[in-house]
Asker: 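One structure coming up, written as C-alpha cells, with questions to follow.
Proteins come first, then strands; the chains are lettered A, B, ... in the order of their sequence lines, and each starts at number 1. Basis for what follows: all heavy atoms, side chains included, without hydrogens, waters or symmetry-related copies.
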Amino acid sequence: EPTETNASFMARILGPSANKAGLQSTDKAMITRVIYEASKGTPFFENERRKDQALCGRIERLLEKRKQLEGRDLTHIRKLVDMDWRQLEAERDLSQTIVHVDMDAFYAAVEELDNPELKTKPMAVGVGAMDDGRKYGIRSAMPGYIAKKLCPELIILPLNGAKYKHGARAVVACALTCPSTPAYLNITNYMKETGMTAEQVTQQIRQEIRMLTNAYQTSGQSKHQICSDINKPNGQYMLANDRDTIMAFVRDMPIRRLNGIGRVTEQLLNALGVHTGNDMHEQRVILKLLLSPKSFEFISRAALGLGRTDLSIQYDRKSISVERTFRNMSDVQQQMDMLDKIATKLAANLERKEIKGATITLKLKRSDFTVLSRSRSLAQCIFTADDLYFYGKQLLVEEQPIDIRLMGLRLSSLQDMRSK
DNA sequence: ATACATACC
DNA sequence: AACTGGTATGTAT
C-alpha cells in the first residue's frame, strides 16, 4: 500500500489520474496503487523525491519571506501595482479574433487512418496515451510499462514522425508546422473578406480537417489563448471580444490551465493561496513583492485576461539539439562512440536547416537521473560532425568518470550557413 | 556575455 | 523499468 504522506510528492508521481473526474473511487485507489508499486524504489522515483523536496524548500522560503512582510504598510505597493495594471488595461486589444486549433491525440488519430481496426481497441503511440486510454488511469507521458500494467491489452505503437508530419501538412497548410503543437490562427481579416462569423470560419476549419484526416480535434476561439481544453473532445468554445466576458472567464479559471503555469508554479502559487484568476487579483500586492518582475508580469496579464493578439511576429530558432537515452553507460569508449553518433545526427540536422553555431553544450543525465550541462562558446561557428565531436569530447572528458543514461549535444548562438 | 540549472510545452 | 527538442527565465560570475 502507498504510505507516502507528502501530498505534493504523490501528485508528482501519480499525475492527474488519481483525481480524474468520472472515475470510481475504487478505480482511483487501484490506479494509485499500480502506479506507486511500479515506481517505488526506482532511481527515477528517488530523483522525483529529491525534486519535490527542493520544491518544498522553495515554498518554505517563500512563506518565510511573506511572514517578514506581515503587518507592514503596503499601500504604496498597492498603488504601484494598480497603476501598472491600469496601464496594461489601456493596451487591451479587442479588435482581433483568434482561433486556437488543438488536435487531441493527433498521432493516434493518424495511426487509425492507416489501420481502422485500432479504433475499437485501447491504443497508445510512443509513451503518450490517447483519450480512450485515460479511463484506465493512463495519462500522457506515462511510460509504457506502467500503462501496460493499468491496461494489459493496450496496444502501443512506435512513433513515426514522418507520418505525422505528413498528416499535419495535409490538415492545414496554413499553420500546423509542428503536429504536436496547437496552432493559433488570426482570422480577423478572413472574416472581413468573407463576411463569415468566427463560428462559421471555425466550423469550416474543423470540417476541412475532418475531411482530410478524420483526426479528433478540439477547437476554441479566443483572443487570449486560454480557451483550450474547454468542451473537449470535439468541442468549440467562443469567448466574446468583450472585457466583462473575459474577466468573468478568467475569474474562476484554475491557474494550472494557463499556458506557462506547470506543476511547479502551480504548487508555489497554491502555497500562497492562489488557485484562480481571482486569487491573483486579491493577492497582487504580495505576489508583486515575492515574485520576479517577469513572473509578476505574466501573472498580471493572466489576471487581466490579456493574451497575445499579434500573431505576425515570427521567431528565429535559438538552438538546435539531439539527445538520446540509453542503458546506463560508464565506459568512456562507449560514451565517445555515443557522442560520435549524436554529433553526426546533429550535423545532419544543421545541414538540412542550413545553420551553424558558436556555442556547444553537452548535456548528461546521470544514472540517478540528475542532469548536468557543460557548455563552451567558440570564437567561430561550427557545423561539421568532426567539429561537434571534437569540442563535445573536450566537455565529456572533463566529467569522467561518470555513469550516464542520456547524452545530448546542443548548438546555439546560431547563424545562417551563408553568413560570414 | 557566459555558464548552468530549472520550468514548461 | 520514466522521451525528445525546443523556448524562456533566474542566478551567479
Asker: Could you check how far CZ of A:Arg256 sits from P of B:dA7, rounded to whole Å?
Answerer: 13 Å

Asker: Could you name each residue pair satisfying salt bridge (charged side-chain N to carboxylate O under 4.0 Å, His left out) that touches residues 388-397 of chain A, not counting sequence neighbours?
Answerer: none

Asker: Applying salt bridge (charged side-chain N to carboxylate O under 4.0 Å, His left out) as the test, list every pair that has at least one member in residues 264-287 of chain A; sequence neighbours left out.
Answerer: A:Asp82-A:Arg284, A:Arg256-A:Glu266

Asker: Check every atom of B:dA3, B:dA5, B:dA7 against the side chain of A:Leu372 and return the nucleotide holding the closest atom.
Answerer: B:dA5

Asker: Could you give the CZ-to-P distance, from A:Phe45 to C:dA2, as a whole number of Å?
Answerer: 14 Å

Asker: In the 5'-to-3' direction, what one-character label does each nucleotide of nucleotides 4-13 of chain C receive under the scheme B = base within less than 4.0 Å of a protein heavy atom, S = sugar-phosphate only, - = no such atom?
Answerer: SSBBSSS---

Asker: Could you tell me which residues satisfy salt bridge (charged side-chain N to carboxylate O under 4.0 Å, His left out) with A:Lys149, sequence neighbours excluded, listed by chain and number?
Answerer: none

Asker: Taking ring-ring contact (aromatic ring centres under 6.0 Å, His included) as the test, write out the residues that go with A:Tyr145, two or more places apart.
Answerer: none

Asker: If a pair satisfies salt bridge (charged side-chain N to carboxylate O under 4.0 Å, His left out) and one of its residues is in residues 324-348 of chain A, list it, with sequence neighbours excluded.
Answerer: none

Asker: What residues form a salt bridge (charged side-chain N to carboxylate O under 4.0 Å, His left out) with A:Arg374, not counting sequence neighbours?
Answerer: A:Glu399

Asker: May I ask you to verify if any side-chain N or O of A:Ser375 is less than 4.0 angstrom from the OP1 or OP2 atom of B:dC4?
Answerer: yes

Asker: Check ring-ring contact (aromatic ring centres under 6.0 Å, His included) between A:Phe369 and all other residues, then give those that pass, not counting sequence neighbours.
Answerer: A:Phe44

Asker: Select base, sugar-phosphate, or nothing to describe what A:Arg58 touches, counting heavy atoms under 4.0 Å on all strands.
Answerer: sugar-phosphate

Asker: Output the rounded distance in Å from CG (A:Leu55) to P (B:dT6).
Answerer: 12 Å

Asker: Could you state the atom-to-atom distance from CZ of A:Phe369 to C1' of C:dC3 in whole Å?
Answerer: 11 Å

Asker: Would the base of C:dA2 count as contacting A:Ser39 through its side chain, where contact means a donor and an acceptor less than 3.5 Å apart?
Answerer: yes

Asker: Would one find a side-chain N or O of A:Ser373 under 4.0 angstrom from OP1 or OP2 of B:dA5?
Answerer: yes

Asker: Please tell me if A:Arg327 has a side-chain N or O lying less than 4.0 Å from either OP1 or OP2 of C:dA2.
Answerer: no

Asker: Do A:Glu46 and A:Arg49 sit within salt-bridge range, that is, some charged N less than 4.0 Å from a carboxylate O?
Answerer: yes

Asker: I'd like to know if A:Glu70 pairs up with A:Lys67 as an ion pair, taking the criterion as any Lys NZ or Arg NE/NH1/NH2 lying under 4.0 Å from an Asp or Glu carboxylate oxygen.
Answerer: no

Asker: Heavy-atom contacts under 4.0 Å between residues 376-384 of chain A and DNA chain B, which residues?
Answerer: A:Arg376, A:Ser377

Asker: Looking only at side-chain N and O atoms, does A:Arg49 come under 4.0 Å of OP1 or OP2 in C:dA2?
Answerer: no

Asker: Grab the CD-C1' distance between A:Glu48 and B:dT6 for me, whole Å please.
Answerer: 13 Å

Asker: Taking only side-chain nitrogens and oxygens of A:Arg374, does any of them come within less than 4.0 Å of OP1 or OP2 of B:dT2?
Answerer: no

Asker: Mind calculating the distance between CZ (A:Phe326) and P (C:dA2) to the nearest angstrom?
Answerer: 13 Å

Asker: Write down the distance between NZ (A:Lys365) and P (B:dA5), rounded to a whole number of angstrom.
Answerer: 14 Å

Asker: Indicate whether any N or O donor in one side chain lies under 3.5 Å from an N or O acceptor in the other, for A:Asp368 and A:Thr370.
Answerer: yes

Asker: Would you please name every residue forming a side chain to side chain donor-acceptor pair (under 3.5 Å) with A:Ser367, sequence neighbours left out?
Answerer: A:Asp403

Asker: For A:Lys51, check salt bridge (charged side-chain N to carboxylate O under 4.0 Å, His left out) against everything at least two apart and list the hits.
Answerer: A:Glu48

Asker: Between B:dC9, B:dA7, C:dA2, which one does the side chain of A:Thr265 approach most closely?
Answerer: B:dA7

Asker: Residues of residues 390-401 of chain A with any non-hydrogen atom less than 4.0 angstrom from an atom of DNA chain C: list those, numerically ordered, please.
Answerer: none

Asker: How close or far is atom P of B:dA5 from atom NZ of A:Lys51, stated in whole angstroms?
Answerer: 14 Å

